[in-house]
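Structure first, then comments.
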2 protein chains.
Amino acid sequence: MPQKSSFSDASRTDVPGPSTAELPAAAPGLRERRRRQTRAEISQAALRLFQEYGVDATTVDGIANAAGISQRTFFRYFTSKEEAALPAHQDFDAALEIGLLAIDPSGSPREELERVYQQVMQGYADNDAPQARSMLLVNQLIRKEPLLRAALLKHNATRTTGLVDALMDRFGRDGVSDLQIRLAFETCAAVVRVAFEVWVTRREAGRNDNLPDIYASARELAH
Amino acid sequence: MPQKSSFSDASRTDVPGPSTAELPAAAPGLRERRRRQTRAEISQAALRLFQEYGVDATTVDGIANAAGISQRTFFRYFTSKEEAALPAHQDFDAALEIGLLAIDPSGSPREELERVYQQVMQGYADNDAPQARSMLLVNQLIRKEPLLRAALLKHNATRTTGLVDALMDRFGRDGVSDLQIRLAFETCAAVVRVAFEVWVTRREAGRNDNLPDIYASARELAH
DNA sequence: TGCCATTATGGCAGATACTGCCACATTGGC
DNA sequence: GCCAATGTGGCAGTATCTGCCATAATGGCA
C-alpha cells in the first residue's frame, strides 16, 4: 500500500481484507453495509467486554465469540483488539478529513486548522446525542486503560504523518516551512486532545460542559 | 505499583525485576553499575539489529542472543523490544525530571516548562557530542520504523500522566486550572516533538542546525 | 574468611496475539 | 442459474510476554 499522501478517501477502513473501495460513500451497496454492520457489532462487543472485565482480561477470542465470528475474521476487521474500541475516533477522523478538503491554502495553517477542528467539534455539542455519548463512553474507558490510551496515540500517530504530508501539498512550500506546518498541526492536535480529556474529566465529575465550549476556551488559553 | 505522582526518583528504571531503588543516584554501587552496563549492552545490540535488519525482522531472541543473555533476562530489563531502542529518550526524560524539580510554582506554567525544556535541550547543542549523536541515530531509526514511533508515543503517554499530576500538585490548584496545566504541558511537548523531528529531518538533508536553535524558532513560531 | 540473605539469571511451560494458507460458503452481476 | 469475486472459518506456525522454579553470583556481616 503506497498510500500516496492524500486524505481524499474518507471511507477507507485500513482493513487488509475485503472491500477494496469503489466509492462506497456514494453508493453504500449491500456488501459494504453488511461489512459496516459486522464492524459495528464487533466494536460493541469489544467495548462491552472491556468495560466489564478490563482490556487486559479480555481476549480476542472472547470478543470474536461475543460478536459471533471467528478469531480469524476479527483480524480481518481490526488489526488489534484495542483498535476495535476506537470506532468513535475513526468517525471523528473521517469528519476531520472531509473538513480538511475545504481548507483555504492561502490562509494561515494554524487558523485554518483551528477552524476545521472547531467545525468538527460542533457535531459533539449535544452531550446527550448518540455521537457524543459514544465518544464520551470510549474516552472514559481510555482514561482508565493505558493499553487503550496507547492504542489511540498510535492510531493518531499513524494518521498524523499522512495528514501532515497532505497539508504540505495543499499549502505548497511557498513561504510556509515544514516546521510551520508540523507545528500548526501538532499544537492544534494537542489542544484538541486536552479539550477531549477535560471534557471527559468534567463529565465524570458531574459537570455538563460541552465539547465545543471547552475547546474554545482551551484554544483561547493556548493563545 | 501505586506510583504516587512524583518525578523525584530520577533513577527508576521501570523494570519489574531487580534493583528496587535505594538511592542509587547518590551511591551507584557495584550491582547498579553492572545493571546499567547490561542495560546499555542490550540497547546497543537492539539498535544495531534494528538498523541492519529492521525492527520487524528482529526478534527478541535475536537481541538477547546478540547481547549474550537469555530471552527471559531481556524481559527483566525491557518490557518490549521496542523499549530497548529508547535509552536516549530515557536519558532525556531523566534530565527533564531533574529540571522540573527546580520549577517555580509561582510562575506561569507555560513559561516555566519552556524554560526547563530549553535548558535540557542545551545538552544536545553539539551535534557531534555523543549525547546528540545517539539521540539523532535513534530518531532517524524512529522516522523509518512505525513500530518504534508507536513505542515512543506510548512511552511518552505513560510518562505524561505522571508528570501532569506532579505538575498539578506543584502549581497547586490556586487560580491555575487543570485545563491550563494540561494545556501548557501538551503544547510544550508538541513543540519539543516537532523540534526533534525537524532536527533529524534537516540533519538527514545535510544541514547542521542544532537542536536548541530549532527549538527556539519553533517556540517562536508557536507564539 | 566463611556463612547467609538477597538478588540476578536461565530454562521451561503456557497464554495470547497475530499471520499465511487453504477450503468452503456466500454473494452479486450477467 | 452460472461464475467470478468476496467473505468466512479452521489450522498451523511464529512471536511476544509472564509465572514459576532451580541455580548461581553477590554483598553484608559475624
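Quick note on labels: first sequence line is chain A, next is B, and so on, each numbered from 1.
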> Considering heavy-atom distances to DNA chain C, does B/Q71 or B/T38 have its closest nucleotide positioned more toward the 5' end?
Replying inline: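 Between the two, 5'-proximity favours B/T38.
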
> Under a 4.0 Å heavy-atom cut-off, which of residues 47-62 of chain B touch DNA chain C?
Replying inline: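 Residues of residues 47-62 of chain B that come under 4.0 Å of DNA chain C do not exist, since none gets that close.
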
> Want to settle it: does B/R34 or B/F74 sit nearer the 5' end of DNA chain D, counting the closest nucleotide to each?
Replying inline: B/F74

For a quick check under 3.5 Å, do [X] and [Y] share a side-chain donor-acceptor pair by atom type?
X	Y	result
A/R143	A/T201	yes
A/H89	A/N156	no
A/Q90	A/R39	yes
B/N210	B/W199	no

Among the nucleotides [options], which one has an atom lying closest to any side-chain atom of [X]?
X	options	result
A/F75	C/dG10, C/dT19, D/dC17	C/dT19
A/R31	D/dC11, D/dT6, D/dG19	D/dT6
A/R76	C/dT27, C/dG11, C/dC22	C/dC22

> Heavy-atom count around A/K81 NZ within 6.0 Å, excluding the residue itself: above 12?
Replying inline: yes

>> Taking the cut-offs as 6.0 angstrom to the six-membered ring centre and 45 degrees off its axis, would you call B/R35 and B/Y77 a cation-pi pair?
In response: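 B/R35 over B/Y77 ring: yes.
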
Write down the distance between [atom1] ([X]) and [atom2] ([N]), rounded to a whole number of angstrom.
X	N	atom1	atom2	value
B/R72	D/dC20	CZ	P	11 Å
A/R35	D/dT6	CZ	C1'	10 Å
A/E32	C/dG28	CD	P	12 Å
B/N65	C/dG11	CG	P	11 Å
A/I69	C/dT26	CD1	C1'	17 Å
A/L147	C/dT16	CG	C1'	13 Å
A/Y77	D/dG9	OH	C1'	13 Å

> Counting just side-chain N and O atoms, does A/S70 come under 4.0 Å of either OP1 or OP2 of D/dT8?
Replying inline: no

> Are the ring centres of A/F196 and A/F92 closer than 6.0 Å?
Replying inline: yes

